[in-house]
Amino acid sequence: VFLLRLLCKAGCIDDACRHVADMGRLGYEPDISLVTELVNDLCKASKWKSCHKLLTGLYNVGFIPSLATFNTFFSCLCRAGLMQQACKLLDDMVKLGFTLDVYTYSIMIHTLCKAEKVDEAYKLLKAMRNRKCEPDVVCYSTVLHGYVRLGKQELAMKIMDEMRRNNCSPDVVTYNSLISMFSKVGDTTKAYELWGQMRANGCVPDHISYTALVDGFCRQNKPKECLRLVLEMLKKRLKPG
RNA sequence: CGGAUGGUGCA
């Protein structure tokens, strides 16, 4: 397994792939995480067919990869815009008896948002609860950011309220989306207000938070604020963009 | 015992 991991890291994906397939044929159970990483690497190289071959090959010798493996493949297909393949995979997953988890849903939500079908994404979010899969902070933040990209500030803030009502605390990514939204439209007051809320809720601003806020002050021509923030950033050893 | 999959900024 260690050797195979090295092969992957060294960029010899195809070799690693062959060896895993061989192991399967010889009756050894391949390491699940390794297979998942392999799937990820194959997809990044756009080798969809190799990926599919690997999985079906393993399946044919009786090894069924984990849900994480399928989620990885699913995510890659969605990102590549290969929706017909992605749907088919989803279908297979269900047929294999997997119960879609919060990761699977977040991938679907993200895909819908990217296609600007944010309302549909929101519907899916609500549907999750009926399917006994509680949306987490990532699902909410994804939809929220979908609205941000469409310039729908009120709806984005609504999602924020909704997640709070459902006992899901916004995290640094959630706040970053909102801060950048207000910064872009020049509302540094609201951006800064959220900045305060973020810290009050125990979230530590990261380099993205700072960049988003600085960007807002820059657009407003407020160099002193910018400077202050950048210095603060350096003190915390965060890299400015 | 670790190890795998989802969301955010500027350019």
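Each chain gets a letter, A, B and so on, in the order its sequence line appears, and its residues count up from 1.
The ring-ring contact (aromatic ring centres under 6.0 Å, His included) pairs that include a residue from residues 41-72 of chain A are Phe70(A)-Phe98(A), where partners are two or more places apart or lie in different chains.
Backbone-only contact: Asn40(A) has heavy atoms under 4.0 Å from sugar-phosphate atoms and none from a base. Residue Val137(A) is classed as a base contact, given a heavy-atom separation below 4.0 Å to a base. The residue Cys139(A) sits close to a base: some heavy atom pair falls under 4.0 Å. Contact annotation for Thr142(A): backbone-only contact, meaning every heavy-atom pair under 4.0 Å involves sugar-phosphate atoms and none involves a base. Contact annotation for Ala68(A): base contact, defined as any heavy-atom pair under 4.0 Å involving a base atom. Among the protein residues, Ser180(A) comes within range of the sugar-phosphate backbone only, with heavy atoms under 4.0 Å from sugar or phosphate atoms but none that close to a base. Within 4.0 Å (heavy atoms only), Ser66(A) reaches at least one base atom of the nucleic acid. Using a 4.0 Å heavy-atom distance criterion, Thr174(A) is classed as a base contact.
Judged purely by atom type and a 3.5 angstrom limit, Arg149(A) uses its side chain to pair as donor or acceptor with the backbone of Cys113(A).
Taking the side chain of Asp31(A) as heavy atoms from C-beta on, and the options G3(B), G9(B), G7(B), the nearest nucleotide is G3(B). When the nucleotides G6(B), A4(B), G7(B) are ranked by their closest atom to the side chain of Thr36(A), A4(B) comes out on top. Residue His207(A) places its side chain closer to G9(B) than to any other of A4(B), G9(B), G6(B). For Ser141(A), counting side-chain heavy atoms from C-beta on, the closest listed nucleotide (G6(B), G9(B), G7(B)) is G7(B). Between C10(B), U8(B), A4(B), one nucleotide has an atom nearer to the side chain of Ser177(A) than all others, and that is U8(B). The side chain of Thr69(A) has A4(B) as its nearest neighbour among A4(B), U8(B), G6(B).
Here C10(B) presents its P atom at 7 Å from CZ of Arg219(A), a figure rounded to the nearest Å. In this entry the distance linking CG of Leu38(A) with P of G3(B) reads 19 Å, nearest Å. One can place CG of Leu42(A) at 14 Å from C1' of A4(B), the figure rounded to the nearest angstrom. Going from atom CD1 of Ile64(A) over to atom P of A4(B) covers 23 Å, rounded to whole Å. Here the C1' atom of nucleotide A4(B) and the CD atom of Glu29(A) are 15 Å apart, to the nearest Å. What separates CD1 of Ile109(A) from P of G7(B) is a distance of 12 Å, to the nearest Å. One can place CG of Asn176(A) at 12 Å from C1' of C10(B), the figure rounded to the nearest angstrom. If you take NZ of Lys239(A) and C1' of G9(B), they are 16 Å apart, rounded to a whole angstrom.
Between the side chains of Lys236(A) and Tyr210(A), at least one donor-acceptor pair of N or O atoms lies under 3.5 Å. Between the side chains of Thr69(A) and Ser66(A), at least one donor N or O lies within less than 3.5 Å of an accepting N or O.
Contact annotation: Lys184(A) side-chain N/O to C10(B) OP1/OP2 distance is under 4.0 Å. For G9(B), the OP1/OP2 oxygens have a side-chain nitrogen or oxygen of His145(A) closer than 4.0 Å.
A salt bridge links Asp22(A) with Arg25(A); the closest basic N to acidic carboxylate O contact falls under 4.0 Å.
Side-chain atoms of Asp136(A) come within donor-acceptor range of the base of G6(B), with a qualifying N/O pair under 3.5 Å.
Judged as a side chain to side chain donor-acceptor pair (under 3.5 Å), and not counting sequence neighbours, the contacts of Asp91(A) are Lys95(A).
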